[in-house]
There are 2 protein chains.
Amino acid sequence: MTKRQSDTTQSLLNALPDTNAPIYARLKSAILENIGSSTWLPEQRLPSESEMVKALGVSRMTVNRALRELTSDGVLIRQQGVGTFVAPKKAHSSLFEVHNIAQEIADRGHKHTTKVVELQTVKANTDQALRLGLRTGERIFKSTLIHFENQHPIQLEQRIVNTTLAPNYVEQDFTQLTPFAYLNKVAPITEGEHLVEAVIPNAAEAEQLAISTHQPCLQIKRRTWSGQTIVTSARLLSPGHLFQLFGHFGRP
Amino acid sequence: MTKRQSDTTQSLLNALPDTNAPIYARLKSAILENIGSSTWLPEQRLPSESEMVKALGVSRMTVNRALRELTSDGVLIRQQGVGTFVAPKKAHSSLFEVHNIAQEIADRGHKHTTKVVELQTVKANTDQALRLGLRTGERIFKSTLIHFENQHPIQLEQRIVNTTLAPNYVEQDFTQLTPFAYLNKVAPITEGEHLVEAVIPNAAEAEQLAISTHQPCLQIKRRTWSGQTIVTSARLLSPGHLFQLFGHFGRP
DNA sequence: ATTCATGTAATGTCTATACAAGTTAAGCAC
DNA sequence: GTGCTTAACTTGTATAGACATTACATGAAT
C-alpha cells in the first residue's frame with residue numbers, strides 16, 4: 001500500500017537528471033529546474049527533508065547538503081521548525097543583467113547593427129597584459145566594433161580577450177552575436193569590474209562615432225571574470241546621455 | 001608520548017573562538033582569522049582533515065563542512081589527493097573596494113569636508129518605497145549632503161535609508177564619517193547595483209554644486225544590499241570629469 | 001634509465017543515527 | 001473561550017564509519 005507522492009515531490013523526481021553526477025548535485029539540479037521552469041513558484045513550500053529521503057531513497061545528510069547549499073546561494077529559504085521554501089523573487093532581480101547594448105536597443109524597439117572595424121590576434125603589450133592578468137608577449141585577441149542604433153553610431157567598443165577561455169573568438173561573426181553575448185556563452189561571467197568616467201573623445205574616436213570632439217562621452221572600462229580568470233577587458237565609449245545599467249553578476 | 005602539533009595546527013587551535021557557536025562555524029572563524037592576520041599566507045597548505053580531526057577532537061564531516069564552505073567562498077582551494085590551501089591572492093583584489101569619495105579625495109592628498117543639508121525621518125512615497133523594497137508610507141531616513149574637496153563642492157549626495165537596518169542613522173555626525181562608511185559598518189554591503197548616466201543638473205542642484213546648468217554631470221544611482229535586504233538608495237551627482245570606481249562587493 | 005605497479009595519503013561522497021532547537025497544532029484544564 | 005501543556009514535525013548540527021577518486025612517491029620489473 002504505497003502512498004501516492006504529492007505533486008511537488010513527483011515534479012522533483014521527474015526533474016532528476018540521469019547523469020553520474022553526485023546525488024546531492026543532481027538533487028540541486030532538479031530543484032533549480034523546477035524553480036527555473038516556474039513549476040515551483042516563489043514562496044512555495046518544498047517537500048520536507050524526510051519526504052525527500054523517502055522519495056529518493058537517499059540519506060538525510062545528502063538531502064540536507066543540497067538544500068543547505070541552495071539556501072546559501074539564496075535560491076531557497078529555510079526556517080527551522082517550519083520548512084523549506086523557494087526564495088521570494090528578489091526586488092532587484094531584473095537588474096541582475098549586465099549591460100547589453102544590443103538588448104537595450106531592441107528594448108527600445110530600434111534596430112541594432114554592428115560594424116567590425118578590427119578583429120585579430122596580437123601579442124599583449126604591458127598594459128594589455130596587466131589588464132588581462134597575463135604576461136607581456138602572450139597571445140591575445142583584439143577587436144574594435146561600432147554599434148549602431150537605426151544607422152546612428154552610438155557606441156565604440158574596444159576589447160581584448162583571453163585566448164585560452166575563448167579560443168575561437170576571432171572566427172565569430174559579431175554582426176550576428178555581440179562579443180559580450182558570445183563571451184558570456186563560452187565563459188559565463190562570475191564577476192565584473194567597471195571604471196566609469198566622462199571623457200572627451202579623440203579625433204579618431206569622434207569621427208567613428210560621427211560626433212564632434214567637444215561632445216562629452218561616457219567611457220566604461222569593464223573587465224569580466226569567469227571564476228578566477230579574467231576573460232576580457234573592454235573599453236566602451238558612448239556619446240550623449242546614453243543610459244547605462246550595471247548589475248551584480250549573480251546566478252542566472 | 002604525545003606528538004607535538006605542527007605550527008600550522010597550533011595556530012589553528014589558538015584562533016578557535018570560545019563562543020557557543022557551532023563547531024564548524026568556529027573552525028571557519030579560526031581559519032579566516034589565520035588568513036586575515038597573515039599567519040597563513042596565500043598558497044600555504046592547511047593541516048589535512050584528519051590532522052584537524054585529531055587536533056580538535058571532532059568528526060571529519062564537521063571539519064569537511066567548514067573547509068567545503070570556505071572553498072565555496074573562494075577562501076580556500078582544495079584538490080583531491082593533494083590537500084587544502086589558502087587561495088592565491090586574487091588579481092583584482094585591490095579593486096574590491098567600492099567608491100568612497102572621502103577616501104578618494106584623501107588619496108589625492110586633498111581635504112574632504114561635508115555639509116549636511118538635510119537629515120530627517122520621512123514617510124516613503126511610492127518611488128522611495130519601490131527603491132528600498134518597502135511599502136508606501138513606511139518610515140525611512142532621508143539625507144542630503146554636499147561633499148567638498150578643498151572648499152570646492154564636488155558631489156551632491158541624496159540618500160534614503162532603511163530604518164530597520166540602520167536605526168540610528170539620523171543621529172550620526174556625517175561631517176566626521178560619511179553615510180556610506182557608517183552604513184557599511186552597521187550593515188555590511190553584500191551586493192550593489194549602479195545606474196549611471198550623464199545628465200544636466202537642475203537649477204537647485206547647479207547652485208548647490210556652484211556650477212552652471214550647462215555643465216554635464218555624472219549621475220550615479222546606487223543601491224546596496226546587506227544580505228537580502230536593501231540598505232540604502234543613493235543618488236550621487238558629480239560635475240566634470242570625476243573619476244568613478246566600481247567594484248564587485250566581495251569578502252573583505 | 002624507463003616504465004609500470006603498488007601503497008599511501010588526501011579529499012569527495014554517502015549512509016545511518018542521534019540529539020538539539022524551533023514551530024505549530026491539538027488537546028486539556030480552567 | 002483562554003491559556004497552558006504536550007506531541008509531532010521540521011530544520012540544524014554532530015558523529016562514526018565506509019567506500020570512491022585523485023595524486024604522488026616508492027620500488028620492482030624491464
Problem set entry | Nearest listed nucleotide, side chain of A:S50, among D:dT10, D:dT15, D:dG12 | D:dT10

Exercise. Does a side-chain N-to-carboxylate-O contact under 4.0 Å join A:E49 and A:R68?
Worked result: no

Exercise. Pick from A:L76, A:I77, A:L70, A:I35: which one makes a side chain to side chain contact (heavy atoms under 4.5 Å, CB included) with A:L46?
Worked result: A:L76

Exercise. Ignoring hydrogens and geometry, is there a side-chain-to-backbone donor-acceptor pair from A:R223 to A:R131 under 3.5 Å?
Worked result: yes

Exercise. In whole angstrom, what separates A:E49's CD from C:dT15's P?
Worked result: 13 Å

Problem set entry | 5'-most by nearest nucleotide on DNA chain C - B:S48 or A:I23 | B:S48

For this session: Looking only at side-chain atoms of A:N64, point me to the closest of D:dT15, D:dG12, C:dC14.
Result: D:dG12

Problem set entry | Given D:dT10, D:dT11, C:dT15, the nucleotide with the shortest approach to the side chain of A:E51 | D:dT10

Seminar exercise, completed: Atom CG of A:N20 and atom P of C:dT13 are separated, to the nearest Å, by 13 Å

Exercise. Mapping B:L46 and A:G57 onto DNA chain C by nearest heavy atom, which one lands closer to the 5' end?
Worked result: B:L46

Problem set entry | For atom CZ of B:R68 and atom C1' of D:dT13, their distance in whole Å | 13 Å

Exercise. So, is B:R65 close to the D:dT13 phosphate, meaning a side-chain N or O under 4.0 Å from OP1 or OP2?
Worked result: yes

Problem set entry | Whole-Å distance separating the CZ atom of A:R78 from the P atom of C:dA21 | 18 Å

For this session: Would you indicate, yes or no, if C:dT13 has its OP1 or OP2 atom less than 4.0 angstrom from a side-chain nitrogen or oxygen of A:T62?
Result: no

For this session: Respond yes when some side-chain nitrogen or oxygen of B:Y24 is under 4.0 Å from OP1 or OP2 of D:dA14, and no when none is.
Result: no

Problem set entry | Annotated protein contacts, base or backbone, on nucleotides 19-27 of chain D with a non-hydrogen cut-off under 4.0 Å, one of B, S, - each | -BBBS----

Problem set entry | Between C:dT15 (C1') and A:L56 (CG): distance, integer Å | 14 Å

Exercise. Sub-3.5 Å donor-acceptor pair from the side chain of A:R222 to the main-chain atoms of A:A234, do we have one?
Worked result: no

For this session: Could you tell me whether the side chain of B:N162 and the main chain of B:I230 form a donor-acceptor pair under 3.5 Å?
Result: yes

Exercise. How close or far is atom C1' of D:dT11 from atom CZ of A:R45, stated in whole angstroms?
Worked result: 10 Å

Problem set entry | Between D:dT10 (C1') and A:I77 (CD1): distance, integer Å | 16 Å

Exercise. Looking only at atom types and distance, does a side-chain atom of A:N34 sit under 3.5 Å from a main-chain N or O of A:S11, one as donor and one as acceptor?
Worked result: yes

Exercise. Does any N or O in the side chain of A:R26 come within less than 3.5 Å of the main-chain N or O of A:P17, such that one atom is a donor and the other an acceptor?
Worked result: yes

Problem set entry | Between C1' of C:dG12 and CE of B:M61, the distance in whole Å | 10 Å

Exercise. Can you find a side chain N or O atom of A:T84 that sits less than 4.0 Å from OP1 or OP2 on D:dT11?
Worked result: yes

